[in-house]
Amino acid sequence: MVAATGHADTSVGHGELIKAVDRALTTHGRALLTGPAGAGKTEVVRAVAAAAEKRRETVLCLAPEAADQWIPEASAAALLASVPCGALEQLSGPQRTAIALLRREADAPRAGRDHIALRLAVVEVLRTLAARQPVLLVLDNAQWLDAESTDLLRFALRLTPPRVRVLVAECVQGGVPVGEPLCGPGVPAIRVPPLGADEVAELLLHHGLPARLAGRIHQASGGNPRLALALGHSLAEAAGARDSSAHHADTLPVSGQAREVARRLLAAAPAQARRTLLLAALATRPTISLLRRAGRPDAEAELAEAERAALVRVGEDGAVEFTAGALPTALAADAGWPERAAGHAALAAAVDDPVQAVRHRALAVDTPDQWLAAEITEAAAACRRRGQRALAAELGLLAAERTPSWLAGEELARLVTAAEDAGWAGRADLARRATRAVLARDASPSDRVRARLAVIDAAGQALGALDETFAHAMDEAAGDPSLQAAVQLRIAWKNNLSDGDPVRSRDAAARAGALAALGGDQVAEAMALTVRARMGRILGDPGAEAILAEALALPAPEVPLGMRNAPQYLAVRHALFDDGLDDARRQLMVLLPAVQRTGSAEDVFEVLRSLTEVELRSGRCEAASAHARRALDLTIDAGLSPGPAWYVAAMAEAMGGSFARAEGYARRGIQASQEEQDQVFLSRSLHALGLVELATGEAAKAVATLRRVAELEAAQQVVDPSILRWHGELAEALIAADAPDEAARLLASVRTVAVGLGRTGVVAALDRARGLCLSAQGDADAAVHLLETTAQRFDALQLPLERGRTLLALARVERRRRRRAPARAALRAAAEVFDRAGATPWTELAGEVAPGDIAGAQLPAAATLTDAETRLALLVSQGASNQEAAAKLFLSVKTVEARLTRIYQKLDVRSRAQLATALRTR
């Protein structure tokens with residue numbers, strides 16, 4: 001019992017909490033840690049104990065198990081068994097006897113023991129230990145203390161000296177709290193908060209589980225680390241039993257370990273409250289008044305008990321929300337069919353939404369009913385009109401289940417429609433379920449293809465593992481040009497997204513367009529032209545705009561295959577690439593309400609992504625961050641592929657939030673995109689990471705990261721530099737890493753393409769890097785002139801953040817050539833630009849590199865160190881060895897030695913001591 005067992009490592013995300021516990025122990029000598037089962041209390045306790053041991057404190061750990069609460073003085077015996085024998089030598093005879101009896105006979109009859117001597121012995125042991133060095137008494141799982149040990153410890157802790165600090169971790173589940181009585185009144189109580197979605201992602205990565213599931217697992221677990229890990233493992237096991245791609249958007253399996261964790265959490269509520277919770281679990285939008293109408297007159301009081309147990313949240317309007325999505329699933333799964341049927345019947349009579357009433361009536365029976373199936377079908381159509389495609393899919397499946405066998409044609413039609421609704425909503429679990437049912441019936445090739453296409457549409461970014469589905473769809477579509485066109489369109493998307501091959505994508509789109517024209521499907525024809533235009537832009541084809549214009553000239557009804565594949569949306573993207581930001585924003589504001597009406601979460605995400613990018617380039621960081629947050633929330637709620645949302649969040653943070661948060665989002669985006677074989681957003685997330693590394697002075701890392709982007713873009717045959725503008729960043733990173741000649745070659749080659757395509761914004765960004773390159777090569781006057789004119793061009797293009805970054809570069813060049821007044825003026829101008837834009841990290845960066853800092857102004861006048869040389873000089877002057885400096889800067893030791901020789905020559909010094917003195921001069 002000295003240490004708890006069976007706990008997963010759930011310490012991720014609790015750094016600040018551990019510090020808070022340490023502060024409470026330092027200030028008050030006592031701390032109480034509370035939270036539901038699985039919240040991570042044990043890991044926090046372990047971390048605090050480990051830190052105390054490093055400080056050479058005596059740490060006594062006690063972690064009773066559930067069975068120990070029924071054994072009198074069991075925990076006291078375990079505690080004393082962990083005490084060093086030397087602390088017992090000074091005890092009096094009766095005290096030693098009492099301890100010896102307890103340690104040998106913890107489960108023996110208590111009659112005849114000297115309990116007063118035992119209490120005094122515990123006090124004396126703690127005093128003896130504290131006299132030698134500080135003591136930390138850690139008591140985990142305090143809810144499982146037996147009553148006798150609780151009384152003994154309460155007595156002893158009242159008499160211990162201040163050098164004995166006490167940390168109690170407790171999970172109250174219907175019992176009497178013991179933490180405060182043990183520690184005394186006024187003890188600081190610290191509740192372990194749930195993990196955020198980002199922290200759940202980090203936890204999954206830490207345990208080798210797919211990070212792309214983080215949003216859905218966070219929603220299902222409510223941020224409870226143990227439940228999150230159990231769900232992650234359940235998903236991994238489920239995926240191992242079938243197609244490895246099948247689980248990416250399936251309903252999370254609340255089974256096995258996950259169900260047991262959920263049951264332990266639910267056990268905190270009394271039985272009566274759990275009956276009310278079951279009704280809430282069966283309802284779509286539960287409220288206190290609905291539950292009262294459904295036969296739970298004491299719902300308010302029972303829900304208050306559940307809220308105290310952290311199972312639900314009750315809003316001011318009476319709305320009931322489970323803290324973890326797995327809880328209602330576990331409640332419903334553990335209830336028997338009669339109990340669930342009775343619950344649905346009660347809710348059917350209590351709800352005021354006709355659609356929900358039909359749903360509950362259908363779920364209250366399990367026999368086919370022709371008229372009920374027809375009612376459910378009408379309800380699904382109503383949901384479709386409301387844009388509630390996921391609910392429409394659920395109802396469509398339910399209608400098919402309630403359709404009598406002699407209406408096989410109607411049943412099949414309902415299944416196909418349900419599959420298509422699920423594909424639209426991105427619900428791969430429902431799409432696969434409906435498609436399996438279609439394929440198990442005597443379905444026509446058309447129905448089979450439509451169902452298979454729904455599975456593809458629901459897969460999001462994870463198209464790489466659906467080759468078999470594509471093959472079957474192609475085979476079954478033979479002879480029908482419209483169906484063949486639909487399949488070829490999806491192949492075109494896969495060729496670009498998963499295979500990173502725009503040429504094959506363009507060719508597949510051309511085949512799709514020809515087939516669509518043959519079948520008279522103008523919508524599919526417009527989409528095929530859109531894909532061709534998109535691929536043409538990537539490949540640097542000047543005719544791409546003409547192809548897009550041809551697509552825009554075709555009829556444009558509500559697009560059944562997604563707004564992101566519509567020509568009007570690609571026109572917005574092209575306006576963004578061409579820095580026509582006002583035009584792009586105006587069109588996006590028209591598209592946003594339109595896509596919200598369609599019920600497609602992916603469509604809404606696409607528009608929010610573009611709005612984020614438009615606002616960032618326009619210098620409206622606050623608005624961009626708001627769009628990025630909405631996009632991320634939508635991704636989590638709808639269970640979309642998270643890689644794109646994490647990329648968007650990374651860019652918003654990199655410009656208007658925090659470089660540290662941006663790095664975290666970018667790394668998660670990289671991981672998720674790799675898991676889903678999404679080459680497009682892998683490049684983008686790597687670009688975001690490289691930008692952060694460049695901005696924070698990690699030049700060597702930035703070079704490595706951005707070279708990966710260059711390799712991926714080359715593999716994807718991307719020619720147009722306006723789509724992902726990484727070229728200038730890589731050049732700047734190379735210059736900072738003391739490779740200006742390589743940077744110059746890169747800039748020259750890309751500039752030729754950008755000028756030829758008329759990409760003026762890209763050319764300006766390349767010229768910013770070229771100015772830094774000229775400075776590094778010794779032509780400071782040309783560098784200053786180029787940077788000044790580039791800043792003016794960015795101003796004319798209305799790209800304020802790019803102008804601010806150019807002014808920062810100008811300040812660096814002026815500072816390097818010892819012109820402090822112009823450097824100050826450029827920095828002030830940059831700071832003003834960033835401040836107006838709300839670009840917080842860049843505003844701070846402008847302040848950090850103010851004239852007079854170590855990057856140049858403190859060097860002797862004769863010094864002309866590059867940035868890379870300056871970083872090495874500082875490390876060496878602070879005591880780093882050549883090997884340590886090489887590791888820090890990601891260089892070889894030989895490179896460090898050669899660079900250090902040049903630094904010595906430039907500064908006219910002969911030793912590290914002289915180097916340090918030179919850097920301190922002025």
Residue pair Q717 / D501, side-chain donor-acceptor N/O under 3.5 Å
yes

Please tabulate, one pair per line, all N/O donor-acceptor pairs under 3.5 Å involving side-chain atoms of residues 790-800, not counting sequence neighbours.
unit_1	atom_1	unit_2	atom_2	d
T790	OG1	L786	O	2.7
R793	NH1	D767	OD2	2.9
R793	NH2	D767	OD2	2.9

Are the side chains of L827 and L807 in contact, using a 4.5 Å heavy-atom criterion?
no

Test: R745 and E742 ion pair at under 4.0 Å
no

side-chain contact (heavy atoms from CB on, under 4.5 Å), that's the test. Do L686 and L712 meet it? Break it down for me.
CA-CA 10 Å; L686 282 166; L712 284 166; 3.5 Å; yes

Least distance between heavy atoms, G536 atom then A544 atom
C-CB, 3.8 Å

Once you round to the nearest 0.5 Å, how far does CG of L581 lie from CG of D578?
10.0 Å

Of all heavy-atom pairs between F605 and V648, which one has the smallest distance, and what is that distance?
CZ-CG2, 4.2 Å

With no hydrogens and no angle check, do the side chains of D741 and Q777 hold a donor and an acceptor under 3.5 Å apart?
yes

Given 3.5 Å as the limit, does a donor-acceptor pair link the side chain of T901 with the main chain of E897, or not?
yes

Here the pair of heavy atoms bringing A754 nearest to L766 is CB-CD1, 4.3 Å

Do S683 and V718 have side chains that approach each other closer than 4.5 Å (heavy atoms only, starting at C-beta)?
no

Show your reasoning for whether salt bridge (Lys or Arg N to Asp or Glu O under 4.0 Å) applies to D779 and R816.
CA-CA 12 Å; D779 194 349; R816 181 174 294 156; over 6 Å; no

Pairwise side-chain contact, V876 with L915, heavy-atom cut-off 4.5 Å (strictly under)
yes

Any ion pair linking E606 and R573 (charged N to carboxylate O, less than 4.0 Å)?
no

Using salt bridge (Lys or Arg N to Asp or Glu O under 4.0 Å), reason through R708 and E711 one step at a time and then give a plain yes or no.
CA-CA 5 Å; R708 284 188 65 192; E711 291 165 1; 5.9 Å; no

If you measure from OH on Y665 to OG on S685, what distance do you get to the nearest 0.5 Å?
12.5 Å

E698/L694 under side-chain contact (heavy atoms from CB on, under 4.5 Å): CA gap, chis, key distance, verdict:
CA-CA 6 Å; E698 300 281 2; L694 177 63; over 6 Å; no

Only one of I723, I670, V709, L689 passes side-chain contact (heavy atoms from CB on, under 4.5 Å) with R684; say which it is.
I723

Is a donor from one side chain sitting under 3.5 angstrom from an acceptor on the other, for R534 and S505?
no

Using the test salt bridge (charged side-chain N to carboxylate O under 4.0 Å, His left out), find all partners of R667 that sit at least two apart in sequence or belong to another chain.
E663, E693

Rounded at 0.5 Å granularity, tell me how far CD in Q671 sits from CD in E675.
4.5 Å

Is a side-chain donor or acceptor of R725 paired with a backbone partner of F577 at a separation under 3.5 angstrom?
yes

Close side-chain approach of H574 to R537, heavy-atom, < 4.5 Å
yes

Return yes if some donor-acceptor pair links the side-chain N/O of E732 with the main-chain N/O of E729 below 3.5 Å, else return no.
no

Could you go through E199 and H218, starting from their C-alpha distance and side-chain angles, then the distance that decides it, and tell me whether this counts as side-chain contact (heavy atoms from CB on, under 4.5 Å)?
CA-CA 9 Å; E199 292 163 335; H218 174 260; over 6 Å; no

Side chains of Q716 and D499: does their closest heavy-atom pair fall under 4.5 Å?
no

For Q677 and S498, does a side-chain donor sit closer than 3.5 Å to a side-chain acceptor?
no

Ring-plane angle category for W842 and F834, please: parallel below 30°, perpendicular beyond 60°, tilted otherwise.
tilted

Do R707 side-chain atoms and A704 backbone N/O form a donor-acceptor pair below 3.5 Å?
no

Between L810 and R768, is any pair of side-chain heavy atoms under 4.5 Å apart?
no

Test salt bridge (Lys or Arg N to Asp or Glu O under 4.0 Å) on E814 and R824; report intermediate values, then the result.
CA-CA 9 Å; E814 292 284 27; R824 276 195 296 269; over 6 Å; no

Does any N or O in the side chain of H727 come within less than 3.5 Å of the main-chain N or O of L747, such that one atom is a donor and the other an acceptor?
no

Would you call D720 and I538 a side-chain contact if the rule is heavy atoms closer than 4.5 Å?
no

Show your reasoning for whether side-chain hydrogen bond (donor to acceptor under 3.5 Å, both in side chains) applies to T612 and R630.
CA-CA 10 Å; T612 302; R630 285 181 62 192; over 6 Å; no

Taking the basic N atoms (NZ, or NE/NH1/NH2) and the acidic carboxylate oxygens, is any pair closer than 4.0 Å for E613 and R617?
no

side-chain contact (heavy atoms from CB on, under 4.5 Å), that's the test. Do D579 and R759 meet it? Break it down for me.
CA-CA 9 Å; D579 299 318; R759 310 301 187 229; over 6 Å; no

Specify the closest pair of heavy atoms between G728 and A769, including all atoms of both residues, with the distance to one decimal.
O-CB, 3.8 Å

Closest non-hydrogen contact found for A731 with A743 is O-CB, 3.5 Å

Within the structure provided, determine whether T840 and S658 are in side-chain contact (heavy-atom separation under 4.5 Å).
no

Ion pair check, R828 and D835, cut-off under 4.0 Å:
no

On a heavy-atom basis, the closest approach of A662 and V692 is CB-CG2, 3.7 Å

From L611 atom CG to L588 atom CG, the distance as rounded to the nearest 0.5 Å:
4.5 Å

Please round to the nearest 0.5 Å and tell me the distance separating atom CD1 of I735 and atom CG of L746.
9.5 Å

So, R912 versus S877: side-chain donor-acceptor pair below 3.5 Å or not?
no

Atom pair CG/CD1 of L872 and I903 - distance to nearest 0.5 Å
4.0 Å

